[in-house]
**Q** 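Take a look at the following structure, please.
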Amino acid sequence: MALESTAPSTALITNDAAVLGLLAIILGFVFWGASRERGFWKKFYAVVPAILPCYLLPAIANSVGLIDGAGSGLYPMARDYLLPASLVLFCVSMDIGGIAKLGPKALVMFLTGTLGVMLGAVVSFNVMGLVHPETVAGETWRGMTTLTGSWIGGGANQAAMKEVFQVDATLFGQFAAVDVIVGYVWMATLLFMASRADAWDRWLKADTSAIETLKQRMASYQAQHARIASTTDLVLIFAVGIGATGIAHFLAEPLVAWIRSMPADWRLQDYSLDSRFFWLVVIATTIGVLASLTRARQLEGAGASKIGTVFLYVLIATIGMQMDLKALADKPFLLLLGLIWISVHAGLMLLVARLIRAPLFFMAVGSQANIGAAASAPVVASAFHPALAPVGVLLAVLGYVLGTYCAYLTGLMLQAMAGA
């Protein structure tokens, strides 16, 4: 939660409307550059992930005194309205039948990746407790919950854990840096492996006959559902996302009041069950999943998840406003913690892929659907074949659904290990 400043702000721009305009310009500039087909920006974004400047540029603006992130009301707005709406729009596109048709190995590898992130959190916490106890002392476990949310679901789940476990902006910024550095090193590793898929599949002893069928099915699915969005489509997407957010707010308030009325010895607050934001996220996610079983899922063809992504990037920019760019320098061993964490995830993925003879494609996309979510899972999938990019999106959507629940469970385990 953004902290409200008790003293007058010394920032150059204090009007939230002007700050929102600045953030919009920053996001537009970043995505314009990332879309270039040639020249400097093409080379730049081949190395630097677009999400990094979306965090970094607002952080720079905050650090130099151009804006005051802590004193702005933009983050609470994005957190309470745009985050739940983005969760709904990501989940409404989930095709349960389509995921089932991917075959058991695809789902096994995806769920293995989820388990690997949860296990990696526990292992890295304990290993760093032996190697460098100061790194995992104090409130570090809280920051780890945000990274768990990001590495199972994505930015929306990461922000959700920030609120549920009350992670301060500095600690969040430290783990956001670990997220970007370690996450994209792993993605680069997967892309390198994809270029040598045949050799890896031979080592894994995988049966790749299903891949060709999968390519044809996804190409057909893509052609069937894609369409140019009409005004009606856009209004309906807005209605589903914001309407479900309104319902979540409406239901969360009395639910939290009822839980707080329960006897204190039930200790429900220890599990954040008295957190309004926790229920806001859970209810919004649940509405999105239920909506995916109705005709509302057809809105994905008009770009429901794309609009959800826009909402999400506005949230990312408002989080960046609160970052301390020197945060990771204060705790450099967090980077080692992240590397141990991702190594446990990678090792478990390779082990299970070898045991069940899953193709590298399922392992790579199953991993990136967890670690990178919808922003980068299609990139890894398309490295095998452009028609397979939607598979990454499909599994990443499942990650958005599981991210909140699995990160919350991991957070409880970390809390218990930290003795908090």
**Q** If you define the side chain from C-beta out and look only at heavy atoms, does anything of L337 sit under 4.5 Å from V178?
**A** no
**Q** Name all residues meeting the side-chain contact (heavy atoms from CB on, under 4.5 Å) criterion together with A304; count only those two or more places apart in sequence or in a different chain, and write none if there are none.
**A** L89, V92, I237, L299, E300
**Q** For residues V344 and G116, report the shortest heavy-atom separation together with the two atoms involved.
**A** CG1-O, 4.2 Å
**Q** Is the count of non-hydrogen atoms from other residues, nucleotides or ligands lying under 6.0 Å from F40 atom CZ greater than 12?
**A** yes
**Q** If you round to the nearest 0.5 Å, how far is CD1 of I340 from CD1 of I342?
**A** 12.5 Å
**Q** How long is the gap from OG on S150 to CG on D179, to the nearest 0.5 Å?
**A** 3.5 Å
**Q** Can a donor-acceptor pair be found, under 3.5 Å and without considering hydrogens, that links the side chain of T294 to the backbone of L290?
**A** no
**Q** For N62 and G69, which heavy atoms make the closest approach, and how far apart are they?
**A** OD1-N, 2.9 Å
**Q** Could you check whether K105 makes a cation-pi contact with F362, meaning its NZ or CZ is under 6.0 Å from the centre of the six-membered ring and within 45° of the ring axis?
**A** no
**Q** Could you tell me whether a side-chain N or O of T245 sits under 3.5 Å from a main-chain N or O of A85, the two making a donor and an acceptor?
**A** yes
**Q** More than 12 foreign heavy atoms under 6.0 Å from CZ of F44: is that the case here?
**A** yes
**Q** Hey, what do you get for CD1 (I25) to CG (L57), rounding to the nearest 0.5 Å?
**A** 12.5 Å
**Q** Heavy atoms, side chains only, cut-off 4.5 Å: are D233 and R227 in contact?
**A** yes
**Q** Quick one: closest heavy-atom pair of A121 and M144, and the distance?
**A** O-CE, 3.3 Å
**Q** Write down the atom of S305, the atom of F90, and the distance for their closest heavy-atom approach.
**A** O-CE2, 3.5 Å
**Q** Are any of the side-chain heavy atoms of E163 and L280 separated by less than 4.5 Å?
**A** no
**Q** Does the side chain of M161 come within less than 4.5 Å of V167's, by heavy atoms?
**A** no
**Q** Measure the shortest side-chain to side-chain distance between P104 and L107 over non-hydrogen atoms and say whether it is less than 4.5 angstrom.
**A** no
**Q** Restricting to non-hydrogen atoms, name the atom on A78 and the atom on T318 that form the minimum distance, rounded to 0.1 Å.
**A** CB-OG1, 3.8 Å
**Q** Please identify each residue that fulfils side-chain contact (heavy atoms from CB on, under 4.5 Å) with A18, with sequence neighbours left out.
**A** I13, N15
**Q** Is there a donor-acceptor pair closer than 3.5 Å between any side-chain N or O of S72 and the backbone N or O of D68?
**A** no
**Q** Do F29 and W41 make the cut of ring centroids closer than 6.0 angstrom?
**A** yes
**Q** Output the distance between atom CZ (R79) and atom NZ (K162), rounded to the nearest 0.5 Å.
**A** 8.0 Å
**Q** Quick one: does Y405's side chain get under 4.5 Å of I152's, heavy atoms only?
**A** no
**Q** Residues two or more places apart in sequence or in another chain: which of them pass side-chain contact (heavy atoms from CB on, under 4.5 Å) with L251?
**A** I247, I283
**Q** Quick check: closest heavy atoms across R276 and V256, and the distance to 0.1 Å?
**A** CA-CG2, 3.4 Å
